[in-house]
Structures are given as structure tokens and as C-alpha cells.
Amino acid sequence: MTYDDLIAAITANAPNLQGKLYFEKARYDAANERAYLFFLADVLVDEKIFKVIKKEIVKALPRMRISLRVASPSLAESFIKEPEKYAHVLLSVIGRAHPAAVSWIPEIHFMSEGDALVLELPDDFSLDYFRKQELSKLISRVIQDVFRIEPPVMLRLRDDVEKRLHRIAQDRIEDEALRSVQNGLNEKNSNTQSDKLTKKKKPTRIKGFAIAESPRSIGGLNDLSGK
């Protein structure tokens, strides 16, 4: 059987691969009696189609131990732009590697930021768990195998950005409110000082004693007058 015959047998059972699956290379490890077969595909090969391909290869080479790799480097650019479209393949890998975390899988979101891939996780517990399990390394290996690229992979809380923006907006509102109160106090103090300065002084009252005697002319006054 030739490789063309093998691909024909595969595409007969996986019609969506018709004209989109190509043999790349083969390597034989004599010490371990294992054959490594590498194929390229213009479409993303999920777990179900992968099993179809491997089944046909095992039928064609029944006495040989097989390791299969199917890469889709032509989809690398599309993956970086819209990773969510390919999330089902990555999520299936996560599910197989971490069956205890299967309840989180529907809550994991994929997005791109520049050339990096970001996995947003639903809560602190899942984030801490996957960081300890080095999920970013696992995803990096899968991306390298499937798309043949090596973008940075980051993990973070799904609502980290929203919380951070909300906190910044809240801090700004509080700062503005504090400045408004301070400006109001400053204005009130300024008005109080102004009122004190412009307030009229009360006239000074002159104190003394009433004169009991009737007025005399200056000519009739002497040193003993008034005693």
C-alpha cells in the first residue's frame, strides 16, 4: 500500500479530509520498533477524526507500533486571530489531561492579545489549580504540535479586566467626590474670613461722670471751682 492509497482509505471514512490531508514524513525507531507518521491537514483534526486516521493506519500496518501526528500550520494565523474557533480541540486535551477539572472546562475562554494566547478561568480556585498543574506548558506543547507556532500562553481570571477597570473608575469617582468636598470647605472658609473682614466695627462709647452743677462762664472759674 502506498501513502496515496492510505490517504484514500482515510478520506473514504472521513470525507471532510478529501483533498485536505497530505503525508509529510515518516520516521522509524528500530530500537523501540515504533513508526512515527506525520501528516498535514488544511482543516483542524479533532479527536474523532484523529481516531479514524489512526484506525486506518493500524489496519494498513498491523504489525507495527504507530505514533501519529497531524499538524495544521496553515491555520496558525487564523488561530491567533480567533482562538475561540479552535477551543474545542484544546479543551478536549485539557479534559483528558485533567479529568478532575472537567466541570471548569465549559467556563474556560480563549482570546488573543497581540501575539499571545490568554486563557480566562472562572474563579480563583481554578486559576490556582491550573497554575500549579502548569496548564500553560501543556497548551504551549499542543499549539506547537498542531499549529507549529510558539505564542506566549497566559492564565488569568475571566473578569480580571472588568474588575480592574471598575476599580479604576470607582477610585476616580471617589477622588472627584473628595476634591469636591475639599473645594466646598475651602470656599466656605474663604467666605467666612471675608465676612469677618468686611463686618463694620461698633462705634466706641465714651464713658464719664455727669456734671451736677449748672454751667458757669469761664470767667467765673477759679482753682476751687467744682470742689
Partners passing ring pair (Phe, Tyr, Trp, His ring centres under 6.0 Å) against F130 (at least two apart in sequence or in another chain) | H98, W104

Main-chain N/O of D5 paired to T2 side chain as donor or acceptor, under 3.5 Å = yes

Y28 OH to R65 CZ distance, which is reported to the nearest 0.5 Å | 9.5 Å

Taking all non-hydrogen atoms of both residues, which atom of L117 and which atom of F79 are closest, and how far apart?
-> CD2-CZ, 4.0 Å

Kindly determine whether N183 and V181 satisfy side chain to side chain contact (heavy atoms under 4.5 Å, CB included), including the steps that lead there.
-> CA-CA 5 Å; N183 290 339; V181 171; over 6 Å; no

Answer with yes or no whether the hydrophobic clustering places Y22 together with L37; edges join I, L, V, M, F, W, Y residues whose side-chain heavy atoms lie under 4.5 Å apart.
-> no

Do the charged groups of D128 and K132 touch, with an N to O distance under 4.0 Å?
-> yes

Calculate, to the nearest 0.5 Å, the distance between atoms CD and CD1 belonging to Q144 and I139 respectively.
-> 13.0 Å

I7 CD1 to L17 CG distance, which is reported to the nearest 0.5 Å | 9.5 Å

For F38, ring pair (Phe, Tyr, Trp, His ring centres under 6.0 Å) partners two or more places apart | none

Would you say the side chain of Y36 lies within less than 4.5 Å of the side chain of K25, judging by non-hydrogen atoms?
-> no

Taking the side chain as every heavy atom from C-beta outward, state whether L40 and P73 have any atom pair closer than 4.5 Å.
-> yes

Which pair of heavy atoms, one from I10 and one from V52, lies closest together, and at what distance?
-> O-CG1, 4.4 Å

Would V43 end up clustered with F50 when hydrophobic side chains under 4.5 Å apart are linked, directly or stepwise?
-> yes

Which heavy atom in S136 sits nearest to a heavy atom in V153, and how many Å separate them?
-> CB-O, 3.8 Å

Counting N and O atoms only, with roles assigned by atom type, does the side chain of S72 sit under 3.5 Å from a partner on the main chain of F147, one being a donor and the other an acceptor?
-> no

Within the side chain of S78, is there an N or O that forms a donor-acceptor pair under 3.5 Å with the backbone of L75?
-> no

Going hydrophobic residue to hydrophobic residue with side-chain gaps under 4.5 angstrom, can you get from V45 over to F23?
-> yes

Any side-chain heavy-atom pair of V118 and R156 under 4.5 Å | yes

Is there a side-chain contact between L135 and R131 (heavy atoms, below 4.5 Å)?
-> no

Does the side chain of L6 reach to within under 4.5 Å of the side chain of F39, using non-hydrogen atoms?
-> yes

Gap between atom CD1 of I80 and atom CG of D115 - 0.5 Å precision | 6.5 Å

Does any non-hydrogen side-chain atom of R96 lie less than 4.5 Å from one of V93?
-> yes

Is there a salt bridge (charged side-chain N to carboxylate O under 4.0 Å, His left out) between E77 and R148 once you walk through the steps?
-> CA-CA 11 Å; E77 185 176 351; R148 295 186 177 172; over 6 Å; no

Begin with the C-alpha distance, continue with both residues' side-chain angles, and end with the deciding distance and a verdict on salt bridge (charged side-chain N to carboxylate O under 4.0 Å, His left out) for E150 and R141.
-> CA-CA 8 Å; E150 299 181 46; R141 287 196 300 271; over 6 Å; no

Are any of the side-chain heavy atoms of H88 and L44 separated by less than 4.5 Å?
-> yes

What do you reckon, is CD of E174 surrounded by more than 12 foreign heavy atoms closer than 6.0 Å?
-> yes

Hey, is the main chain of F110 close enough, under 3.5 Å, to the side chain of E84 for a donor-acceptor pair?
-> yes

Find out if a path of hydrophobic residues (ILVMFWY) with successive side-chain heavy-atom gaps under 4.5 Å connects Y3 to I53.
-> yes

Salt-bridge present (E56, K51; N to O < 4.0 Å) | no

Taking every non-hydrogen atom, the tightest pair across L121 and S126 | CB-OG, 3.6 Å

Verify same cluster id: V102, L138 (apolar side-chain graph, 4.5 Å) | yes

Correct closest heavy-atom pair for R34 and I66 would be NH1-O, 3.4 Å

Quick one: does S180's side chain have a donor or acceptor within less than 3.5 Å of a partner on E176's backbone?
-> no

Pairing of K54 and E47 as salt bridge, 4.0 angstrom limit | no

Roughly how far apart are R69 CZ and R27 CZ, rounded to 0.5 Å?
-> 9.0 Å

Closest non-hydrogen atoms of S112 and P83, given as atom of the first, atom of the second and distance, are N-CG, 3.7 Å

Is the shortest heavy-atom distance from the side chain of L21 to the side chain of D42 under 4.5 Å?
-> no

Are the side chain of R158 and the backbone of D123 linked by a donor-acceptor contact shorter than 3.5 Å?
-> no

